[in-house]
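The first residue of the sequence shown is numbered 1, and numbering continues consecutively from there. Keep in mind the model is a prediction, meaning the values are calculated, not measured.
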Amino acid sequence: MKQTVVLLCSLLLLISCKSKSPESSVITVKPDEVEAIKKDRAYELGKRLLEACNTSRFKAFSANEATDKVRQNATRDKISSVCKKINQRNGRFLGLTLLEVTHNKATDDYIFRYAIAYEKKLFKRELFVTVNHENKVSAIATKEVPTKPL
């Protein structure tokens with residue numbers, strides 16, 4: 001009987017203790033609060049990459065614009081294969097609209113999320129461009145946004 005009471009009390013004590021949630025290191029930032037060079041770099045490189053799908057001409061990223069990892073992954077062959085799939089599904093690229101900017105305090109990276117406008121409005125896509133503390137693009141990715149059922 002004593003053991004069950006002690007066990008029950010310790011269980012209640014354990015349940016009643018609240019753990020503190022760690023402070024998030026990723027915050028949403030207003031676009032006005034971000035340095036102009038970071039905003040411009042993200043927009044220009046993202047637009048250049050997506051316009052390559054329209055023109056079939058891609059100007060490679062320089063060492064000042066992007067990290068080595070991004071430059072190695074952004075080859076003409078990879079870009080053309082991705083563009084072929086996107087063009088069939090979405091049509092021609094029209095433009096970018098900035099949706100959100102998030103700042104990762106731990107790594108000092110800014111992640112720019114853009115809505116991509118295409119001719120065909122059936123499928124929505126978003127572009128994510130990450131700019132690091134050196135003002136270089138350290139990641140660039142596009143993904144399809146799933147449609148929500150009515």
How many angstroms lie between atom [atom1] of [X] and atom [atom2] of [Y], to the nearest 0.5 angstrom?
{"X": "I116", "Y": "I86", "atom1": "CD1", "atom2": "CD1", "value": "6.5 Å"}
{"X": "D108", "Y": "S25", "atom1": "CG", "atom2": "OG", "value": "11.5 Å"}
{"X": "K85", "Y": "C53", "atom1": "NZ", "atom2": "SG", "value": "12.0 Å"}
{"X": "T102", "Y": "F128", "atom1": "OG1", "atom2": "CZ", "value": "9.0 Å"}

Problem - Within 45° cone and under 6.0 Å: R76 NZ/CZ vs F58 ring - result: no

[X] side chain to [Y] main-chain N or O, any donor-acceptor pair under 3.5 Å?
{"X": "K136", "Y": "A63", "value": "yes"}
{"X": "T142", "Y": "E126", "value": "yes"}
{"X": "E100", "Y": "R113", "value": "no"}
{"X": "R48", "Y": "K59", "value": "yes"}
{"X": "K143", "Y": "R125", "value": "no"}
{"X": "K38", "Y": "N132", "value": "yes"}
{"X": "T55", "Y": "E51", "value": "yes"}
{"X": "N87", "Y": "N54", "value": "no"}

Handout entry: Within one Ile-Leu-Val-Met-Phe-Trp-Tyr cluster: F61 and I111, side-chain cutoff 4.5 Å
Key = no

Practice task
Is it possible for you to say whether I27 and V129 belong to one hydrophobic cluster, with membership spreading through side-chain heavy-atom contacts below 4.5 Å?
Solution key: yes

Quick one, [X] and [Y] - any side-chain contact, counting heavy atoms below 4.5 Å?
{"X": "V131", "Y": "S138", "value": "no"}
{"X": "L99", "Y": "Y114", "value": "no"}
{"X": "K78", "Y": "V82", "value": "no"}
{"X": "T67", "Y": "V70", "value": "yes"}
{"X": "L98", "Y": "Y43", "value": "no"}
{"X": "E65", "Y": "E44", "value": "no"}
{"X": "V101", "Y": "T28", "value": "no"}
{"X": "V29", "Y": "V34", "value": "yes"}

Practice task
Indicate whether the side chain of D77 and that of T75 have a donor and an acceptor atom separated by less than 3.5 Å.
Solution key: no

Problem - Short side-chain donor-acceptor distance under 3.5 Å, K120 and N90 - result: no

Non-hydrogen atoms of [X] and [Y] that approach each other most closely:
{"X": "Y118", "Y": "G91", "result": "CD2-O, 3.6 Å"}
{"X": "D109", "Y": "H133", "result": "OD1-N, 4.1 Å"}
{"X": "C83", "Y": "A52", "result": "SG-C, 4.4 Å"}

Handout entry: With sequence neighbours excluded, residues passing salt bridge (Lys or Arg N to Asp or Glu O under 4.0 Å) with D68
Key = R71

Problem - Exceeds 12 heavy-atom contacts within 6.0 angstrom, atom NZ of K124 - result: no

Problem - I140 vs L49, side-chain contact (heavy atoms from CB on, under 4.5 Å): CA-CA, chis, key distance, verdict - result: CA-CA 9 Å; I140 190 164; L49 184 68; 3.7 Å; yes

Practice task
Evaluate the ring planes of H103 and Y110, with Trp represented by its six-membered ring, and classify them as parallel (under 30°), tilted (30 to 60°) or perpendicular (over 60°).
Solution key: parallel

